[in-house]
J.: 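Pasting a structure here, questions to come.
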Number of protein chains: 2
Amino acid sequence: MALEHAILVSLLEKPGSGYELARRFDRSIGYFWTATHQQIYRVLKRMEGDGWIDVHEVSQQGKPDKKHYSVAAAGQAALSDWLHEPIEPESVRHDLAVKIRGAAFDDPAALIRQVERYQQAHSERLTHYLAGELRDFTGPDAPAHLDDMRELQHVVLRGGIAYERMTLAWLEDVLATLRRIQAARAAERPGP
Amino acid sequence: MALEHAILVSLLEKPGSGYELARRFDRSIGYFWTATHQQIYRVLKRMEGDGWIDVHEVSQQGKPDKKHYSVAAAGQAALSDWLHEPIEPESVRHDLAVKIRGAAFDDPAALIRQVERYQQAHSERLTHYLAGELRDFTGPDAPAHLDDMRELQHVVLRGGIAYERMTLAWLEDVLATLRRIQAARAAERPGP
DNA sequence: CTTGTCTATGAAACGAGTTGCATAGAGGAT
DNA sequence: ATCCTCTATGCAACTCGTTTCATAGACAAG
């Protein structure tokens, strides 16, 4: 029920087309809210109908026409209302936690391999976040004075970085636990 | 697509009825995978049809009859297959991150209040996790030797604890940032 | 010259998740 | 007596998210 609001924020940060929004949802905003182009186009249409956003069609040469969206007054108001609502607890859905508990009833070896892959993916994501932070917020090219918008983007990014670091530390714990169990089982039923 | 698997794990840990599962999804398993009783009953029916779980109806006195489920061989196999699949990256959906970035375009005061409430909710959850850890895994009443199942439950709980601690630290950062912005705006446009 | 990628939008169908409602007896509270 | 909560299951309607397919021109690689 909040994709609308994520789109409003993204359009306030920078107006653009549905296509452009879809690419942003693969990057910055997308680290905290995923959406496919299908969802985005559908919701944009509804938001336009509700008067939350304004459109104007832009003819381009060599490329298809695009619809340029920007936030209307009603959209600003809707966002403001939403910001005043209580923050709902995230609805969690962690495959990994379920799989770890499932490993008690199966050979842990397969899961260990998957956790190692997962660990690498998170490690890469951390590297990516840190590069982005250096580039946009703390590096030599970053503006000396950050405006509110960028300050807030930065604190969200810091949250992502903290999350990745915490996850990587925990994954070490998980791997150690899985390997300990694997070793204990091997000792119980020794091979030839 | 993985509620089936969460149910399989929960039933392997302890067989029970749909109602009992629904309550577990409000507690232990529910911290990593949420589900309502509606979803659970629907999926249980499908799993029964697929031969993943066995049922036997239990008459009770003073209470409605219940259907007692346990995992069948086909269910064990399905879980094993799933554990061998790659771990998919969590699909993230953080209201709070979107709201923080939205605060650039609105008065931060309202959001500050909501973040403070949210902080308290996470603080309570951490306390709750720590009490559970003491009770079930490290306290005087905990069994001296933890079996694999409980070892793995414990490492998942440690993940939850690490997550809450990380979140609380980050929320302090968020509040400091929001307050700084609020103060800067007040200084720019001073009141009477 | 065919295949593939990028920009740009959209329809249609399906599957997952949410919300509201219904039933029904036991037991406790006011 | 009446209301509320707990146990226990389920239907129906709805919204949200995912997947597959379609169009269409520009441009680069092989």
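Letters A, B, ... mirror the listed sequences (proteins, then strands); counts begin at 1.
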J.: What's the NE2-P distance between A/H37 and C/dG10, to the nearest Å?
T.: 10 Å
J.: Of the options D/dT18, C/dT9, D/dT9, whose atoms approach the side-chain atoms of A/T36 most closely?
T.: D/dT18
J.: May I have the distance from B/F25 (atom CZ) to D/dA8 (atom C1'), rounded to whole angstrom?
T.: 17 Å
J.: Return whichever of B/K66 or A/V43 has its heavy-atom-nearest nucleotide of DNA chain D closer to the 5' end.
T.: B/K66
J.: If the helix axis at each end comes from five base pairs, how far does the helix from C/dC1-D/dG30 to C/dT30-D/dA1 deviate from straight, to 10°?
T.: 20°
J.: If I compare all heavy atoms of B/D136 with all of B/R150, which pair ends up nearest, and what's the gap?
T.: O-NH2, 2.8 Å
J.: Tell me whether the side-chain N/O atoms of B/R93 come closer than 4.0 Å to OP1 or OP2 in D/dG17.
T.: yes
J.: Among D/dG17, C/dA11, D/dA8, which nucleotide sits nearest the side chain of A/K45?
T.: C/dA11
J.: Tell me the interatomic distance from B/R42, atom CZ, to C/dT19, atom C1', rounded to whole angstroms.
T.: 12 Å
J.: Is A/K63 near enough to C/dC6 that one of its side-chain N or O atoms lies under 4.0 angstrom from OP1 or OP2?
T.: no
J.: Rounded to the nearest Å, what distance is computed from the CD1 atom of residue A/I40 to the P atom of nucleotide D/dT19?
T.: 15 Å
J.: Does the distance from a Lys or Arg side-chain N to an Asp or Glu carboxylate O, for A/D107 and A/R185, drop under 4.0 Å?
T.: no
J.: Would you say B/Y19 places a side-chain N or O within less than 4.0 Å of OP1 or OP2 belonging to D/dT7?
T.: yes
J.: Within a radius of less than 6.0 Å around CZ of B/R117, do more than 12 heavy atoms belonging to other residues, nucleotides or ligands occur?
T.: no
J.: Please state how far atom CG in A/L44 lies from atom C1' in D/dC16, giving the value in whole angstrom units.
T.: 16 Å
J.: Are any of B/K67's side-chain N or O atoms less than 4.0 Å away from OP1 or OP2 of D/dT9?
T.: no
J.: Please give, in whole Å, the distance from C/dG15 P to A/Q39 CD?
T.: 17 Å
J.: Checking A/E20 against A/K66 for the salt bridge (Lys or Arg N to Asp or Glu O under 4.0 Å) test, could you report, in this order, the C-alpha distance in whole Å, the side-chain angles of both residues, the deciding distance, and whether it holds?
T.: CA-CA 10 Å; A/E20 282 161 356; A/K66 68 174 182 180; 3.0 Å; yes
J.: If you apply the rule side chain to side chain contact (heavy atoms under 4.5 Å, CB included), what do you find for A/E85 with B/K99, and how did you get there?
T.: CA-CA 10 Å; A/E85 283 174 23; B/K99 287 197 181 194; 4.2 Å; yes
J.: Separation of A/I7 atom CD1 from D/dC16 atom C1', in whole Å?
T.: 13 Å
J.: Which heavy atom in B/L111 sits nearest to a heavy atom in B/A103, and how many Å separate them?
T.: CD2-CB, 3.6 Å
J.: Distance check needed: D/dT7 C1' versus B/E20 CD, whole Å only.
T.: 10 Å
J.: Would A/Y41 and A/Y19 count as a close aromatic pair, with their ring centres under 6.0 Å?
T.: no
J.: Think A/R46 has a side-chain N or O under 4.0 angstrom from the OP1 or OP2 of D/dT15?
T.: no
J.: So which nucleotide from C/dT9, D/dA8, C/dG20 ends up closest to the side chain of B/Q38?
T.: C/dG20
J.: Between B/Q60 and D/dA8, does any side-chain N or O lie under 4.0 Å from OP1 or OP2?
T.: yes
J.: With a cut-off of 6.0 Å (strictly less than), are more than 12 heavy atoms of other residues, nucleotides or ligands near CD of B/E116?
T.: yes
J.: Is there a side-chain contact between B/R23 and the phosphate of D/dT7, meaning an N or O under 4.0 Å from OP1 or OP2?
T.: yes
J.: Base, sugar-phosphate or nothing for A/T34? Non-hydrogen atoms, less than 4.0 Å.
T.: nothing
